[in-house]
Protein chains: 2
Amino acid sequence: MRKVVSSGQPTIKEIAKRLNISVSTVSRALHDHHSIGLRTKARVKALAAELNYERNQTAVYFQQGKTFTIGILLPELSEAFFSSAISGIEDTAYSNNYTVLLGQSHDDEAREKQIIQSMKQHRVDGCIVSIGKNTRNYDHFEMLRQARIPVVFFDRVPDLHDIHAVSCNLESGTIQAVDFLLKKGHRVIGMINGPEQLVASKERATGYIKALRKHRLKYDPELIVNADLTAAGTDSAMEYLLSLKRKVTAVVTFNDYVAMDAVQYALKRKLEINKDITFVSYANTPVSGYTAFPPAASVEQFPYEQGQAATNMLLSLLNGEHPLNDYTNTIMESRLVIHDR
Amino acid sequence: MRKVVSSGQPTIKEIAKRLNISVSTVSRALHDHHSIGLRTKARVKALAAELNYERNQTAVYFQQGKTFTIGILLPELSEAFFSSAISGIEDTAYSNNYTVLLGQSHDDEAREKQIIQSMKQHRVDGCIVSIGKNTRNYDHFEMLRQARIPVVFFDRVPDLHDIHAVSCNLESGTIQAVDFLLKKGHRVIGMINGPEQLVASKERATGYIKALRKHRLKYDPELIVNADLTAAGTDSAMEYLLSLKRKVTAVVTFNDYVAMDAVQYALKRKLEINKDITFVSYANTPVSGYTAFPPAASVEQFPYEQGQAATNMLLSLLNGEHPLNDYTNTIMESRLVIHDR
DNA sequence: GTTATCCGCGCAAGCGTTTGCGTAAAGGCG
DNA sequence: CGCCTTTACGCAAACGCTTGCGCGGATAAC
């Protein structure tokens, strides 16, 4: 006869027994239910406090079919953008009594699928995800949809229409960036863009083109190159741009990390930064302020705020304040921050 | 008569009904229990696959009193050290089928307590924590101990003996760092150390002192200053060091961020880095490689490996391979990485 | 005094799974 | 053929909590 040692943790049942009342009364008393008399409420609460009673959340989760947990899937926490975004997510989640389950994909699609699977099994109430840069297949998110687990994408958003998303309008930021370079007299402006399937890449490209058009300049497709955001990829992108007949005097890079790599490459080529070649970038990461040659300007994407917005959207989905099938794409404005004139 | 719509998710019960067998048989079949015939096993599995059955983990968690979740509490994900450490934690946790609950304290003791409380309620199986730099009271961890939730501290470890911990032996790294400076001819070496209650600060200080003693040099307490790791704190620490009668020609800073701030301050004072003043630091963050004046050397603390080690320790605690009350402090060696000779 | 109303509480079902134990049927052995 | 051991499965309890419903008793309304 094995008797479980009850792990010491007092239950609602114990309180009931000691007070000679029913468990339902105890439960309701602890919830301040109106149908319980003040005397009993007080007695229950007193004993609960004395016993150091703590509600067994796993039981509640199970019973209610809700875990008050949201899964966060993102590529790389070591990127400042994401570590800042996660703070926005975590802060608003915690202040709404939600808890946060973490998974990094490291930009690996297989791992992304595993994590989603694991989160689904964990019965998270919803997910916030920023997809990996190589992810082309979205079956795992389709599974979530079928399981009725709402998903809010942010920043790195798949190019689908029937999704909830929060992202930054990079088009306007890019226009500002190119404007800035044009005003400084640059005429041959290269762009090291990201993988094509990312919406963010498309926005950058169209922003670039629109800015040129605005100034009645011809758009030369040669000047935009898609890279894979690795240091090596950036190097060959730079090599390509510098090999063009038209002399590139400025480059818009996908983000500050790419910019830093590009700067390193330019230095190796003995180019003088901000003279021979000028860089403008995205993300406006704090570290770039410490660096030797920060980009002349950077498009701020407000990661913390994006995280907040995504979480709020997910919460309203979870609370039923917003129908699951009403897909909305919240767009935040980006803004060019000028470091160097 | 309200009938719950069963949310679509098939249960073990449904499978049982459809196959005209009992739930226990289904459960066992899915677990490949030996007492179930091969025929029934096959039938059960086939139907489970067909129905897209997925085990309700919350029910299992509840039933088993285990959540296969570990809580991670750390100060700031935006610090490269921690974002790297969390990868080590997450990777080994996931590969052991554990899942990871995240909380950032932002170095706020109150918030730290809240998060621990929340994790306890969430019934995490164990915690991995790096304490905030201002935390002086450890009641919240005492609560965890009473709840029999094992905790493994890492990197920022409280100065107690009865805890499980993984940390880096900074003393040896510091000795190497000071050695390095002494060999370059520096004789008046300042140190911007962290808050006194951190073990890490003490180790840095003793390493510093031992290195001097090794070279038969006198230790001048004036040269070590405890700062709060903020930019402002670093500024005033630098101001203090530069105001000393003895001319400080090298400074050992608490970490790369402090180093970067200190460099900025030095530049403002028109000092030439690596000539008038040389910096040596800790953490060896990748970004410092991009910066204009990276520290001449940095003590690598192997955050990823620390994360792994901490997780493995926690797992062995959870599996009962290691008794809860056998407190061990795993110490990893640090190593000086020289950037500039 | 009778009836409707409300307050305070208990009963019991149910959430999905695991697991100790009981038990038929089948097979082996002497 | 009787007995014992497997094999293959079912029964039911248990995990801790929530909640619809029912029910006595007190109070108010007429």
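Residue numbering restarts at 1 for every chain, and letters A, B, ... go by the order of the sequence lines.
- Annotation: the span from A:Ile86 atom CD1 to A:Gln104 atom CD amounts to 8.0 Å, rounded to 0.5 Å.
- Distances shorter than 4.0 Å separate none of the side-chain N or O atoms of B:Lys66 from OP1 or OP2 on D:dC15.
- One atom, CG of A:Leu51, and another, P of D:dG16, lie 14 Å apart when rounded to the nearest Å.
- Following rounding to the nearest Å, A:His33 (NE2) and D:dC21 (P) show an atom-to-atom distance of 13 Å.
- Contacts of A:Ala46 classified as side-chain contact (heavy atoms from CB on, under 4.5 Å), with partners at least two apart in sequence or in another chain: none.
- Dashed line: the shortest gap from a side-chain N or O of A:Tyr53 to OP1 or OP2 of D:dG16 is not under 4.0 Å.
- Under the ring-ring contact (aromatic ring centres under 6.0 Å, His included) criterion, the residue pairs touching residues 41-64 of chain A are A:Tyr61-B:His122, A:Phe62-B:Phe62, with sequence neighbours excluded.
- Counting only N and O atoms by type, the side chains of A:Glu112 and A:His140 include a donor and acceptor under 3.5 Å apart.
- Look at CD1 on A:Ile12: it is 15 Å from C1' on C:dC11, rounded to the nearest Å.
- With 3.5 Å as the limit, one finds no donor-acceptor pair spanning the side chains of B:Asp107 and B:Ser105.
- The number of heavy atoms from other shown groups lying within 6.0 Å of NZ (A:Lys17) does not exceed 12.
- Crowding of A:Arg111 atom CZ: a count of heavy atoms from other residues, nucleotides or ligands under 6.0 Å exceeding 12.
- When the shell of 6.0 Å around NZ of B:Lys66 is examined, it contains more than 12 heavy atoms from other residues, nucleotides or ligands.
- Sequence neighbours left out, the pairs with a member in residues 37-49 of chain B that pass side chain to side chain donor-acceptor pair (under 3.5 Å) are B:Asp32-B:Lys45.
- Nucleotide D:dA12 holds its C1' atom 13 Å from the NZ atom of B:Lys13, rounded to whole Å.
- Following rounding to the nearest Å, A:Ile15 (CD1) and D:dT18 (P) show an atom-to-atom distance of 11 Å.
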Please list, for nucleotides 8-10 of chain D, all pairs of protein and nucleotide N/O atoms separated by less than 3.5 Å.
residue	atom	partner	partner atom	Å
D:dC9	OP1	B:Thr40	OG1	2.8
D:dC9	OP2	B:Gly37	N	2.4
D:dC9	OP2	B:Thr40	OG1	2.5
D:dG10	OP1	B:Ser22	N	3.3
D:dG10	OP2	B:Ser22	N	2.9
D:dG10	OP2	B:Ser22	OG	3.0
D:dG10	OP2	B:Thr25	OG1	2.2
D:dG10	O6	B:Arg28	NH2	2.7

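- Remark: nothing in residues 118-127 of chain B comes within less than 4.0 Å of DNA chain C through any heavy atom.
- Across residues 57-65 of chain B, B:Phe62, B:Gln63 each have a non-hydrogen atom less than 4.0 Å from an atom of DNA chain D (numbered order).
- Of the charged side-chain nitrogens involved, at least one lies within less than 4.0 Å of a carboxylate oxygen, so that B:Arg145 and B:Asp162 count as a salt-bridged pair.
- At C:dT18, one or more side-chain N or O atoms of B:Ser27 fall inside 4.0 Å of OP1 or OP2 (strictly under the cut-off).
- A:Thr92 and A:Ser95 are not linked by any side-chain donor-acceptor pair at a separation below 3.5 angstrom, with hydrogens and angles left out of the test.
- Rounded to an integer number of Å, the gap from B:Asn56 CG to C:dG14 C1' is 14 Å.
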